[in-house]
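Data block below; observations after.
Only a predicted model underlies this, so the values are computations on that prediction, with no experimental measurement involved.
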Amino acid sequence: MRSTGFRRTLIALSTFSLALTACGGSGDGSAGGKTRITVNCMPPKSAKVDRRFFEEDIASFEKQNPDIDVVAHDAFPCQDPKTFDAKLAGGQMENVFYTYFTDAGHVVDINQAADLTPYVKELKSYSTLSKQLRDIYTVDGKIYGIPRTGYSMGLIYNRKLFQKAGLDPDKPPMTWEEVRTDAKRIAELGDGTVGYADYSAQNQGGWHFTAELYSQGGDVVSADGEKATIDTPEARAVLRNLHDMRWVDDSMGSKQLLVINDAQQLMGSGKLGMYLAAPDNLPILVKEKGGNYKDLAIAPMPGGEGTLIGGDGYMFQKKDTPAQIRAGLKWLDHMFLTPGKGFLGDYVRAKKQNAPVGLPEPRLFTGAADARDQQIKKANANVPVGNYQTFLDGNQKLRMKIEPPHAQQIYSVLDGAVSAVLTKKDADIDQLLKEASDKIDNILARG
């Protein structure tokens, strides 16, 4: 799944939709003696601040590179799964186009991505980016894309409710047993308070099942991607824990089949103790759902074994000319990949606009570049960064795992298992996992 927020003011646009416009490349990419590139994921006009920032950054790039003309196309969300493959197949994709991490292998498999390997040495920032994220866009030793952001799942919790329930908000639960104990204490506060919430519809239940399985040390599919690996003790532990919190402890509330907005509404209103999410949920909870930064904190995934990571980046249209590829790489460096600068990294500019600065992710860089980025972020922080330190510290010990292949189809299958456990007290966990395993095997066999 994609991460749950887009970027600062864009987080308020979750219902925005945009009609598809023609956005293919421009032949050889020349326009008036300049190299012309089309790019996407520009904030829509309704996101005035982000739109202005994006336009400012393109203008400064073109001033520094007068031989390059950048034509940006706006869209929210940046990628529509309903039209993505059609645009690729029809040659209508931008020269430099946005992708989720899970798209990389697919775009390469259908032969729609330019090979960046001969050019990537010209991307000044490339060696400073996290190797784990770079590798997502590397297939058979060739580089087909550049990561832009990354996120990892954690446990968002309400410090105020922890205190009210007699729990220490500076010591969040680090195991699933502790989550269960703390959720029960919080639910016992009454007045509609829910201790722990989880998704179980619209493929989001399968997404969270996967994250929880990773946290237990399990996996959804085998290393070779050919067989399901969910009919296991680790997967049974995930469903058993949800079942017991729902039916034995009564700590998950009576309303089920929740999706992300439901959990966010509960947390923002002060009625939810904990739920799984990435750090980009925090601004949504404050700006859209009525929450307060001082009451919100995030801890690492319970379980201590692993966490699900995701994110996005840019790939290049297969028909791009060498000049367009070189121009696109320069644009990425300028817009997204220079610590403390650009659309995602200009913390000074963001702070002036009262946008949140100091959230623990994305954490894209390594080494000196990361130190520089963190230094500038810390100097301009306007959120309680201490509330996120446990998350940062804990993540250092976790195995970071990307989503499985054919993620959305698999999540749809796993939705059924999670929703059954949360809506049927007598759900047969062994049977649910066996049936889901068979269905996932069929998905993988079809390729």
Side-chain angles (χ1 to χ4, degrees), residues 1-8 10-14 76-79 98-102 130 132-133 136 147-158 172 179 196-199 202-215 258-268 272 274-289 291 293 296-303 306-313 344 355-364 377 383-385 387-404 407-408 411:
M1 304 285 286
R2 66 179 173 88
S3 183
T4 48
F6 174 68
R7 162 71 176 158
R8 294 196 295 259
L10 274 184
I11 56 180
L13 298 172
S14 57
F76 187 79
C78 291
Q79 177 186 319
Y98 173 96
T99 58
Y100 302 134
F101 284 171
T102 49
S130 163
Q132 185 175 38
L133 301 186
I136 290 167
R148 186 191 77 152
T149 68
Y151 75 88
S152 60
M153 298 287 285
L155 183 75
I156 290 182
Y157 67 98
N158 186 310
V179 169
Y196 177 80
D198 215 339
Y199 316 152
Q202 297 180 15
N203 292 11
Q204 296 175 22
W207 177 35
H208 270 203
F209 175 95
T210 300
E212 291 160 19
L213 184 54
Y214 289 173
S215 79
L258 305 181
V259 294
I260 189 170
N261 185 61
D262 300 310
Q264 290 172 341
Q265 293 280 12
L266 280 169
M267 182 62 77
L272 175 61
M274 298 171 278
Y275 79 109
L276 299 181
D280 67 352
N281 267 231
L282 295 166
I284 297 174
L285 295 173
V286 174
K287 291 181 176 291
E288 294 185 40
K289 311 301 181 183
Y293 279 115
L296 299 169
I298 185 167
M301 280 291 290
T307 186
L308 183 149
I309 66 170
D312 57 52
L344 299 179
V357 177
L359 297 176
E361 288 181 338
R363 196 82 177 253
L364 183 64
K377 182 189 288 188
V383 295
V385 294
N387 288 4
Y388 322 133
Q389 194 60 47
T390 303
F391 173 81
L392 288 170
D393 293 342
N395 263 11
Q396 303 304 311
K397 306 170 186 176
L398 298 178
R399 181 180 59 153
M400 303 282 164
K401 285 186 59 61
I402 195 172
E403 297 173 85
Q408 295 305 319
Y411 293 163

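The CE atom of M400 lies 12.5 Å from the CE atom of M153; values are rounded to the nearest 0.5 Å. Of the inter-residue distances, the one linking M274 atom CE with L266 atom CG reads 13.0 Å to the nearest 0.5 angstrom. With rounding to the nearest 0.5 Å, the separation of CZ in F101 from CZ in R148 is 10.0 Å. Rounding to the nearest 0.5 Å places CG of D262 at 12.0 Å from CG of D198. Taken from OG1 in T307 to OH in Y151, the straight-line distance is 9.0 Å, to the nearest 0.5 Å. The CD atom of Q265 sits 9.5 Å away from the CG atom of L285 when rounded to the nearest 0.5 Å.
In this structure, D312 and C78 have side chains that are not in contact, with every pair of non-hydrogen atoms separated by 4.5 Å or more. Residues F391 and P279 meet the side-chain proximity criterion, which asks for heavy atoms closer than 4.5 Å. For the pair I260 and N281, the minimum side-chain heavy-atom distance is below 4.5 Å. Side-chain contact between Y199 and L276 is absent, with no heavy atoms from C-beta onward closer than 4.5 Å. Looking only at side-chain heavy atoms (C-beta outward), L282 and V383 stay at 4.5 Å or farther from each other. At a threshold of 4.5 Å between non-hydrogen side-chain atoms, the residues P172 and T390 count as touching. Side-chain contact check for Y275 versus M267: some heavy-atom pair is nearer than 4.5 Å. Side-chain contact check for L359 versus P283: some heavy-atom pair is nearer than 4.5 Å.
Closest heavy-atom contact between L398 and G306: CD2-N, 3.9 Å. Across Y100 and P77, no two heavy atoms sit closer than the pair OH-CB, 4.5 Å. Taking every heavy atom of both residues into account, P356 and K287 meet most closely at CD-CE, 3.9 Å. Closest of all the heavy-atom pairs between E361 and S152 is OE2-OG, 2.6 Å. Residue A278 comes nearest to I156 through the heavy atom pair O-CD1, 3.8 Å, listed as atom of the first residue, atom of the second, then distance. Contact record, E212 with Y196: OE2-OH, 3.4 Å, taken as the closest heavy-atom pair.
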Where do W207 and L308 land on the side-chain contact (heavy atoms from CB on, under 4.5 Å) test, with the steps shown first?
-> CA-CA 9 Å; W207 177 35; L308 183 149; 3.7 Å; yes
Could you check E288 against Q264 for side-chain contact (heavy atoms from CB on, under 4.5 Å), going step by step and ending with a plain yes or no?
-> CA-CA 9 Å; E288 294 185 40; Q264 290 172 341; 5.9 Å; no
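Judged by distance alone, with hydrogens and angles left aside, the side-chain atoms of Q202 form no donor-acceptor pair with the main-chain N or O of V259 at under 3.5 Å. Using modelled atom types, no side-chain atom of N203 and backbone atom of Y411 make a donor-acceptor pair closer than 3.5 Å. N395 places no side-chain N or O within 3.5 Å of a backbone atom of L392 that could act as its donor or acceptor partner.
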